[in-house]
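The block underneath contains the structure these notes are about, expressed in structure tokens.
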Amino acid sequence: MGMNMKSITLSFVLLLYVSIKTAQSSDGVFDVTTYGAKPNADITQILDKAWKDACASPIQSKLIIPKETYTLGVITLLGPCKSPIDIVVQGTIMAPVDITGDGWIQFRYVDKISLTGGGVFDGQGQKAWERNDCHKNPKCARIPMSLKFSFVKDSIVRDITSKDSKNFHVNILGCKNLTFDHVTINAPGTSINSDGIHMGRCDGVNIINSVIGTGDDCISLGDGSREVTITNVTCGPGHGISVGSLGQYLVEEPVAGLYVKNCTLIGTTNGLRIKTWPASPATGSVTDMHYEDIVLVDVQNPIILDQEYCPYNKCNRKIPSKIKISKVSFKNIRGSAGNAVAVKLLCSADYPCEDVTLSDIDITYTGREGPVVSECSNVKPVVTGIQKPIICPS
């Protein structure tokens, strides 16, 4: 009889535990505070558990990080998951000052997620920028990017802020149908290698209604980037909106389909740039690049096709690039340049640029270097409408 009562009691406890767990997730809401998250404390293990529960949910779930400040170590939020997940970050998440590796927060192999909530991801990158010597030290410690999206599909990032990333703010690889809407990226112009959004091997990326200010490219496209739309983005400080660099490595996929429209660049070192290395180890291509309705405010190099890109003199400029650039258009580009060469089209001698068009280019320069001019090599652009400066006069 005692054993039966004991069994009944144990069964009741187990049933009660299952009921509590079912109640906790039956509505699909997973709040980190119910897992024990406290303000100003580390939530790495807590978020890992909440994510796994949300990922296993048979119904669409919501993972909530409320309006407090938390610290978070390196974490990978791994799929595939059973149902879509809405990740609502309302608070501020702080990275440890000293971490190494590829990424701080990584989303891998998940579909149909949304990352929203108005929250802030603070990379606390100041110390990392000071010690970043990777451009000259091949044995440098790996400095993590803040947010990495790898093989993520049909997803959206909206109303979040990335602040002071140690390395790239956002890196996306192998993603498809991924949208960034009303995203704010904020770091000083002195932050080293802190690209705002960098992508590679992606198909269907939309970056819209966003403000990006950082120490490197605001947005950069690596090899294999296809069908990318950038609309209503303000960039500055930073190095502009860039394709490349390309042609440094043996195996690189073509870049095809970029549409940049209604964007403003303020005080950037470059504006609209395509950059490839000379002495490329293999052939490659960049095609269907289109820029329209762009406002420039004191941009050093407003329009630049640079097929002699060679930072730190790590290459031989005498050997032409093997990357073919074609079908590039610039339409209604207006504003002010930070130097006299407002348009620079330096194409490869072995693979000249083809089907380059410029229409209604109106860029002024008021500095001491003389009148605004263009420089061109190995390209014969089609030019219509306003020409300030005169495009490729020779």
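Every value quoted in this text rests on a predicted model; they were computed, and no experiment measured them.
A salt bridge does not link R273 with D306: none of the charged nitrogens is closer than 4.0 Å to a carboxylate oxygen. With respect to K261 and D293, a salt bridge is recorded, a charged nitrogen being found less than 4.0 Å from a carboxylate O.
D195 contributes no side-chain N or O that, together with a main-chain N or O of I197, makes up a donor-acceptor pair within less than 3.5 Å. Side-chain atoms of K176 never come within 3.5 Å of backbone atoms of D203 as a donor-acceptor pair (strictly under, hydrogens ignored). Side-chain atoms of Q307 come within 3.5 Å of backbone atoms of S348 as a donor-acceptor pair (strictly under, hydrogens ignored).
Nearest heavy-atom pair, P381 versus I391, reported as atom, atom and distance to 0.1 Å: CG-CG2, 4.2 Å. S242 and D217 make their closest contact through OG-OD1, 3.1 Å (heavy atoms, listed as atom of the first residue, atom of the second, distance).
Between W51 and F107, the ring planes lie perpendicular to each other; the angle is over 60°, past the 30° to 60° tilted range.
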Output side-chain donor-acceptor pairs under 3.5 Å for residues 148-160, partner residues at least two apart or in another chain, one line each.
from : atom 1 : to   : atom 2 : distance (Å)
D154 : OD1    : N177 : ND2    : 3.1
S155 : OG     : K112 : N      : 3.3
S155 : OG     : I113 : N      : 3.0
S155 : OG     : I113 : O      : 3.4
S155 : OG     : K153 : O      : 2.8
R158 : NE     : D181 : OD2    : 3.4

Could you please spell out the steps behind the side chain to side chain contact (heavy atoms under 4.5 Å, CB included) verdict for S57 and F30?
CA-CA 10 Å; S57 172; F30 301 86; 4.2 Å; yes
Residue pair I361, I303: steps toward the side chain to side chain contact (heavy atoms under 4.5 Å, CB included) verdict
CA-CA 10 Å; I361 308 301; I303 296 174; 4.2 Å; yes
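In this structure, I241 is a member of the same hydrophobic cluster as I363, with clusters built from ILVMFWY side-chain heavy atoms closer than 4.5 Å. Under the 4.5 Å side-chain heavy-atom criterion for ILVMFWY residues, no single connected hydrophobic cluster contains both L305 and W277.
A search for ring pair (Phe, Tyr, Trp, His ring centres under 6.0 Å) contacts involving H182 returns nothing, not counting sequence neighbours.
Between C263 and C235, the SG-SG separation does not fall below 2.5 Å. With 2.5 angstrom as the limit on SG-SG distance, C175 and C202 do not come in below it.
A side-chain hydrogen bond (donor to acceptor under 3.5 Å, both in side chains) check over residues 65-78, counting only residues at least two apart or in different chains, returns nothing.
Heavy-atom neighbours of Q45 CD from other residues, nucleotides or ligands within 6.0 Å: at or below the threshold of 12.
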